[in-house]
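Report on the structure given below.
Start at 1 with the first residue, then count along the sequence.
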Amino acid sequence: MAKKKQQPISNPPNQEYVGSAFKTPRFGEVLPKESERQNSVVDMKPKKELHAAFLTEAHLGRALLLLDVNGSIKYCSPAMLNGFGASLHELVGKPVTDLLPEFPISQSAPDDNLVYASFLFRNSQWRACSGIDSQGRTLSLEATLMPLELEGRCLLLLELRTPHAHANEEEKLLRIQEVSELSGDAVAITDAEGVIVYVNPAFEVLTGYRKEEVLGRTHAIVKAGVNEEKLYAQMWEVLQANATFRGQFMNRHKNGTHFYEDKIIRPFRNSCGKTTHFIASGRDVSDRVHIMRRLEHFANYDGLTGLPNRNLFMDRLQQAQAHAFRSGEGFALMLLDIDHFKTINDTYGHATGDAVLQTAASRLKQCLREEDTVARLGGDEFCLILEKSALRRDVKKVLEKISALLSESLTVDGHNISIQASIGVALYPEHGEDSHTLLKQADSAMYRVKANGGNAHLFVDKKETLRRAGNDGFFGGG
C-alpha cells in the first residue's frame, strides 16, 4: 500500500473525519437498524456505479466497506479512504485483513463469513478491533458487519467508527478548532510528537505560512535560531509533566523578519490521561518588547555617551566583586575625572562640552577589553572596572594607554582641545572587599590627584588606607 501523509485534524471537503479515526454524522447518534440499512438499498436504481452510489449517496459521511463473501474489498466510502489515508485503487481488490489484520474474515471460507456476519453482529452489535493505516499506525476502532444482497449478489457491509470515548475527545478538538477559527491569537495543534495537525487563520497571519505549508511539519519552520536551547528543554520538561508551559520566543516570519511571541502550550489528554495532542496559542508582542527594551536602555545607559550609567555600573561592580570572591581573582576599579571640564564648557559652549565627553567615552572604550566596563557616573566623571587585573603592572599598562589616547588633540568647531584626566585606582581585595569601600578609596585617590594639578593617576596606598581615620590624604601611588 502506498504511503500517504495523513493530516488528522484537517477536514477534507464533504467528509466528516476527526483525528486518525472514523466518524458517523453525529457522535452518539442512534445508528440505523439493519432493516433500515437494507431499505436504503432497495430504493436505489441498478447502474454501473451502483457500489459507489450506495456508499456515497445513501450513507454520506459514514466509514463503510463493501466486501464480497471472500472478504475482498469491492468498494469504500470516502470517509473510509480518508481514515486509512489511502486511495480507492489502492484498496479495491485487497483482502480486508490488510486494513483489519485481526478481523476474522477468511478468503477460503465465504460461507463462514456470512454466518459470522449474521449471528455475531446481529442487531447492529459493535465490536472492538484494530486497524492499520497507510503509514503503519494502529487505529483503535469499533466495527459492525452485516450481509446484504445487491443486484442478486451476496455482499458484506462493514462499518467502522471511533470508540465512543475517543469520539468525545475528537469532538473536543473539533470544538477547539471551531472557536480558534475566530480567535485573534495564533492557535496550532500538534500531535504528541510535535507534528502540526491544525492551525487557525491568525497563525497564518502571524507567521506568513499558509495552513497547507505547515501541516505535517513541526514548529521548527518558524524558529529564528536565536532562542537558547535550554528554553526548549524547559518547555518539553514542563509539557511532559502534563503541565502548561508559558514562555516568550523570538520566531521568524516566512519573509525572514523576526517577531516576539508570547506562547501558552497546554497538553490535551484522552480519557486515560495520556497526552495525545498539544494546543499552543500565541500572540505577537514585538511592539511591547521593543518598548520595554528602550525603557530598559534608558534606565541603564547614559543618553549622551551610550555608556552604562551609575545604575548599571553598580550592578556590574557587584558582579565583579562576586566573581572575584568565587574565583580568587582580583580586579581594578578606576575613577576618572576630566580636568578643567568646566572651563571647556564655559569657554566653548555646552555643545563642545558634549563633544568632549563623547570623545572621552569613545577613547576609554578603546582602551578596555570586552569583559571590562566603562561607565559615565554623571557630569565629567567616569568609572572603569578592569576584570582579572589585581597586579599594578597590568593596570599601569592600561593607564598609560588611557593617558596617551585621551591627550590626542580634538578639534571641535575649529577649536583644538586636549583632554586630560585625574584618575584614582583601587584594587580588590587589597584596598577593600566591598563596593562602597572600593569606590570611597578610588574617589579619594582621584581628588588627591586633582588637588595636585591633575593629569595623573594614583593608586590607593594600603598603609595610608589603614590610617584613613587620622589622615585625609593618600600619599602612596605608582
For Gln248 and Asn227: C-alpha separation, side-chain torsions, deciding distance, then whether side-chain contact (heavy atoms from CB on, under 4.5 Å) applies. CA-CA 9 Å; Gln248 186 177 99; Asn227 300 307; over 6 Å; no
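- To the nearest 0.5 Å, atom CZ of residue Phe313 and atom OG1 of residue Thr373 are 8.0 Å apart.
- A salt bridge is defined here as a Lys NZ or Arg NE, NH1 or NH2 lying under 4.0 Å from an Asp or Glu carboxylate O, and Asp133 with Arg137 meets this definition.
- Atom CG of Asp302 is separated from atom CG of Leu377 by 10.0 Å, given to the nearest 0.5 angstrom.
- Looking at heavy atoms from C-beta onward, Leu336 lies out of side-chain contact with Cys383 at the 4.5 angstrom threshold.
- Taking all atoms of both residues into account, the shortest heavy-atom contact from Val187 to Ser180 is CG1-OG, 3.5 Å.
- Relative to the ring axis of Phe249, Lys223 does not place its NZ or CZ within 45° and under 6.0 Å from the centre.
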Apply salt bridge (charged side-chain N to carboxylate O under 4.0 Å, His left out) to Arg293 and Glu296, showing your working. CA-CA 5 Å; Arg293 291 197 171 181; Glu296 181 182 359; 5.7 Å; no
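- No side-chain donor-acceptor contact under 3.5 Å links Glu329 to the backbone of Ser389.
- A heavy-atom distance below 4.5 Å is found between the side chains of Leu239 and Ile265.
- Of all heavy-atom pairs between Leu427 and Ala332, the closest is CD2-CB, 3.6 Å.
- Using a distance-only test at 3.5 Å, with no hydrogens or angles considered, no donor-acceptor pair links the side chain of Asp98 to the main chain of Pro101.
- With respect to the salt-bridge test (charged N to carboxylate O, under 4.0 angstrom), the residues Arg161 and Glu142 qualify.
- Ala320 and Ile385 make their closest contact through CB-CG2, 4.1 Å (heavy atoms, listed as atom of the first residue, atom of the second, distance).
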Passes side-chain contact (heavy atoms from CB on, under 4.5 Å), Tyr209 versus Val199? Steps please. CA-CA 10 Å; Tyr209 287 97; Val199 296; over 6 Å; no
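- A distance-only check finds a donor-acceptor pair linking the side chain of Arg376 to the backbone of Gly379 [under 3.5 Å].
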Verdict with supporting geometry, Leu386 and Met334, side-chain contact (heavy atoms from CB on, under 4.5 Å): CA-CA 8 Å; Leu386 305 185; Met334 301 181 185; 3.3 Å; yes
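- Under 3.5 Å, the side chains of Glu90 and Ser87 contain a donor-acceptor pair of N or O atoms.
- The distance from atom CG of Leu65 to atom NZ of Lys94, rounded to the nearest 0.5 Å, is 14.5 Å.
- A salt bridge does not link Glu178 with Arg175: none of the charged nitrogens is closer than 4.0 Å to a carboxylate oxygen.
- Looking at Glu102 and Ser130, their side chains never bring a donor and an acceptor atom within 3.5 Å of each other.
- The environment of Gln318 atom CD is dense: over 12 non-hydrogen atoms of other residues, nucleotides or ligands sit within 6.0 angstrom.
- When side chains are defined from C-beta on, Phe103 counts as touching Leu145, because their heavy atoms get closer than 4.5 Å.
- Using a 4.5 Å heavy-atom threshold, the side chains of Arg252 and Phe259 count as separate.
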Take Thr190 and Val197 through the test side-chain contact (heavy atoms from CB on, under 4.5 Å) and record every step on the way to the result. CA-CA 5 Å; Thr190 73; Val197 295; 5.7 Å; no
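- Of the inter-residue distances, the one linking Glu159 atom CD with Leu64 atom CG reads 5.0 Å to the nearest 0.5 angstrom.
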Dump the intermediate steps for side chain to side chain donor-acceptor pair (under 3.5 Å) on Ser72 and Asn70, then the final yes or no. CA-CA 6 Å; Ser72 294; Asn70 294 311; 5.6 Å; no
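- Surrounding NZ of Lys254 are more than 12 heavy atoms belonging to other residues, nucleotides or ligands, all under 6.0 Å away.
- Closest heavy-atom contact between Ser281 and Arg266: OG-NH1, 4.4 Å.
- Distance check, rounded to the nearest 0.5 Å: NE2 of His219 to CE of Met235 gives 9.0 Å.
- Here the shortest heavy-atom pairing between Ala202 and Gly184 reads CB-O, 3.7 Å.
- Tyr428 and Phe331 have parallel rings, their planes meeting at less than 30° on a 0 to 90° scale where 60° marks the start of perpendicular.
- Side-chain contact between Phe84 and Leu99 is present, with at least one heavy-atom pair separated by less than 4.5 Å.
- Between the side chains of Thr275 and Asn242, a donor-acceptor pair is found at a separation under 3.5 Å.
- Note that OH of Tyr198 is 10.0 Å distant from CG of Leu174, once rounded to the nearest 0.5 Å.
- Using a 4.0 Å cut-off between charged side-chain N and carboxylate O, Asp372 and Arg369 make a salt bridge.
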For a side chain to side chain donor-acceptor pair (under 3.5 Å) check, start with the C-alpha distance between Asp315 and Gln319, then their side-chain angles and the critical distance, and finish with the verdict. CA-CA 6 Å; Asp315 182 67; Gln319 291 181 35; 2.7 Å; yes
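- In this structure, Phe268 and Leu173 have side chains that are in contact, with non-hydrogen atoms separated by less than 4.5 Å.
- The closest side-chain donor-acceptor pair between Asn311 and Asn300 falls under 3.5 angstrom.
- Closest approach of Asn113 and Gly71 over heavy atoms only: ND2-N, 4.1 Å.
- Checked for salt-bridge contact, Arg283 and Asp185 meet the test: a charged N lies under 4.0 Å from a carboxylate O.
- Annotation: side chain of Ile189 is in contact with side chain of Ile176 (closest heavy-atom distance under 4.5 Å).
- No option in Thr257, Asn255, Asn251 other than Asn255 meets the side-chain hydrogen bond (donor to acceptor under 3.5 Å, both in side chains) test with His253.
- Under the 4.5 Å side-chain criterion, counting only non-hydrogen atoms from C-beta, Leu66 is not in contact with Ile73.
- The existence of a salt bridge linking Lys388 and Glu371 is excluded, since no basic side-chain nitrogen approaches an acidic carboxylate oxygen closer than 4.0 Å.
- Within 6.0 Å of CZ on Phe325 lie no more than 12 heavy atoms contributed by other residues, nucleotides or ligands.
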